[in-house]
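Quick caveat: nothing in here was measured; it's all calculated off a predicted structure.
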Amino acid sequence: MAIRTIACLPGFVGAFHKPGGGALMFTSDAFPMNLDAILCDDLLPRETRILDNVRLGQNLLALHDPPITCLFVTGSNPVLSCPDSGLVRKGLLRDDLFTVVHEQFMTDTVSYADIVLPATTSFESEDVFKSYGHTYLQRAEPVIAPLGEARSNFDFYMALGNKMGFSDAIFSKSMEQVALELFPRFQTDNRQREAFLAGQTIELMNIDEVFAHGFPTPSGKLEFYSAQMEKDGYFPLPVYLEVDEEEGDLHLLTPPAHFTLNTSFGGVEALREKEGRPTIQIHPVDAMAQGIEEDGWIEVYNRRGQVRLWARLTEDIPPGTAVAEGVWWTKHTADGNPINLLTSDRLTDMGWGSTLHDNRVSLRKMAHNS
């Protein structure tokens, strides 16, 4: 509801028609795809469950009909990046869970794996890159051959399918063939097809085309009142939703760090050195309330656990807020605890989203600050 309300503000002030005056969360509509080319639903022997990654810990521990007995992790580091990481770690410690991790680095998640498979970096594999931050698409070719036994996600799944005896056409196609079938524009626009194959940056559809016939809503208008939301059981108008406040003195925010944007960069020593150490920013007023008078190690805690962080007193954030940037690997933390030990795995009011930035914590001064 918060995101929906923010998206309505440019319409409320009449700014959507002005360059830079709108609100856009995702640019996925700028990349029209024929997902039937890769989904291959006909290969499913039966209906499968769809589980959210936000509650991975709960899913590993609480599902029993049937339980999850095999976990394959690729392109992710859930021990650190999933909320309520203590629960995630507990789930991964189950004796009857078989875990496979396809990775480039010896991440925290790798340490829970029964089998570790080496993955290529972006320099070693062919890929197609798009983004939710812009409208451009580009094919990328490898710069070097894969090192050792490393395989890309694509090559690994193709090899696994063949090893399991699948003879369907999808398992014999090249990355280039799949990409050309995935984006329908390449079937009708030879100019864009050739530009894509040549590695040029292209736009399949720009934002003006997306809004050419109005807003992508049932009415074609910006809907302050949404009949579809009402039909789905939500409030049809933007409203303020009361939520149960967690216990804690401060509102915890966990944005990306400047140099270690996500956990993938935690394996790069030079970037960690630039970032310094796991730090939490707090306003001097909030620090003084707990007898914290200068920068130093403190404990940040709530009902899920406690994390030792370096407190940096600053007036750059408002009172009542604590900001911990980045997700550090546990071996680079002061106490082996990641920041997501403190974040909740409860879901948003719609969309199965995470509430990583909607948690409360308290502070306490450590007896020996060294």
Side-chain angles (χ1 to χ4, degrees), residues 35 37-40 43-44 48-57 59-60 63 67-83 85 88-131 139-166 168 170-179 182 260-268 271 327-332 338 340:
L35 292 178
I38 60 172
L39 289 180
C40 302
L43 296 181
L44 288 174
T48 60
R49 293 179 295 184
I50 298 177
L51 305 174
D52 64 274
N53 198 40
V54 177
R55 296 176 298 182
L56 177 60
N59 289 334
L60 289 174
L63 288 181
I68 298 174
T69 56
C70 181
L71 179 69
F72 187 96
V73 180
T74 180
S76 181
N77 188 7
V79 170
L80 296 185
S81 58
C82 283
S85 59
V88 174
R89 288 190 282 187
K90 185 177 179 181
L92 288 171
L93 285 172
R94 281 174 37 206
D95 292 335
D96 61 338
L97 179 69
F98 184 74
T99 302
V100 180
V101 180
H102 188 215
E103 247 300 350
Q104 305 166 357
F105 299 103
M106 291 298 293
T107 65
D108 281 70
T109 302
V110 166
S111 64
Y112 291 84
D114 296 288
I115 293 179
V116 183
L117 300 171
T120 55
T121 64
S122 57
F123 298 105
E124 304 164 76
S125 54
E126 182 180 5
D127 212 334
V128 178
F129 292 103
K130 63 182 184 68
S131 173
R139 176 191 181 190
E141 295 186 11
V143 179
I144 60 174
L147 298 178
E149 296 182 284
R151 297 197 186 193
S152 67
N153 293 346
F154 183 87
D155 290 340
F156 172 79
Y157 287 121
M158 288 297 182
L160 182 62
N162 286 308
K163 188 70 173 179
M164 296 174 67
F166 289 101
D168 304 79
I170 186 67
F171 293 104
S172 61
K173 293 181 180 178
S174 66
M175 169 72 80
E176 179 179 299
Q177 288 175 301
V178 172
L182 184 61
T260 53
L261 178 65
N262 53 47
T263 68
S264 296
F265 295 96
V268 184
L271 296 178
V327 180
W328 289 73
W329 291 16
T330 56
K331 65 181 179 181
H332 301 139
N340 279 328

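Asn162 contributes a side-chain N or O that, together with a main-chain N or O of Phe171, makes up a donor-acceptor pair within less than 3.5 Å. The closest donor-acceptor contact from the side chain of Arg151 to the backbone of Leu117 lies at 3.5 Å or more, if one exists at all. The backbone N or O of Thr121 sits less than 3.5 Å from a side-chain atom of Ser125, completing a donor-acceptor pair.
Ring planes of Trp328 and His332: perpendicular class, angle over 60° (limits at 30 and 60°).
Distance check, rounded to the nearest 0.5 Å: CG of Asn59 to CG of Asn53 gives 8.5 Å. To the nearest 0.5 angstrom, Phe98 atom CZ is 10.5 Å from Thr69 atom OG1. Within the model, atoms CD of Glu141 and CD of Glu176 stand 8.5 Å from one another, a figure rounded to the nearest 0.5 Å. Atom CZ of Phe154 is separated from atom NZ of Lys173 by 9.5 Å, given to the nearest 0.5 angstrom. Rounded to the nearest 0.5 angstrom, Arg89 CZ and Leu56 CG are separated by 13.0 Å. With rounding to the nearest 0.5 angstrom, the SG atom of Cys82 is 12.0 Å from the CZ atom of Arg55.
Leu182 has its side chain within reach of Leu35: a pair of non-hydrogen atoms, C-beta onward, lies under 4.5 Å apart. Put simply, the side chain of Val178 does not reach to within 4.5 Å of the side chain of Val128, judged on heavy atoms. At a threshold of 4.5 Å between non-hydrogen side-chain atoms, the residues Thr120 and Asp155 do not count as touching. For the pair Ser264 and Asn77, the minimum side-chain heavy-atom distance is 4.5 Å or more. Here the side chains of Ser76 and Ser81 are in contact, with some heavy-atom distance below 4.5 Å. Side-chain contact between Asp168 and Leu43: present, with at least one pair of heavy atoms (C-beta onward) separated by less than 4.5 Å. No side-chain heavy atom of Leu80 sits less than 4.5 Å from a side-chain heavy atom of Thr109.
Closest approach of Ile170 and Ala37 over heavy atoms only: CD1-O, 3.5 Å. Taking each heavy atom of Ile68 and Arg94 in turn, the nearest pair found is O-NH2, 2.6 Å. Nearest heavy atoms, Pro78 versus Val73: CD-CG1, 3.7 Å.
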Practice task
Tell me, with the steps shown, if Val79 and Thr330 meet side chain to side chain contact (heavy atoms under 4.5 Å, CB included).
Solution key: CA-CA 10 Å; Val79 170; Thr330 56; 5.8 Å; no

Exercise for the section: Might you work through the side chain to side chain contact (heavy atoms under 4.5 Å, CB included) test for Thr263 and Thr107, ending with a clear yes or no? Expected result: CA-CA 8 Å; Thr263 68; Thr107 65; 6.0 Å; no

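Among residue pairs with one or both ends in residues 99-127, those qualifying as ring-ring contact (aromatic ring centres under 6.0 Å, His included) are His102-Phe156; sequence neighbours excluded. Within the structure, salt bridge (Lys or Arg N to Asp or Glu O under 4.0 Å) contacts touching residues 108-128 (residues at least two apart or in different chains) are Glu126-Arg139.
If you run side chain to side chain contact (heavy atoms under 4.5 Å, CB included) between Val327 and each of Thr260, Asn262, Asn340, only Asn340 comes through.
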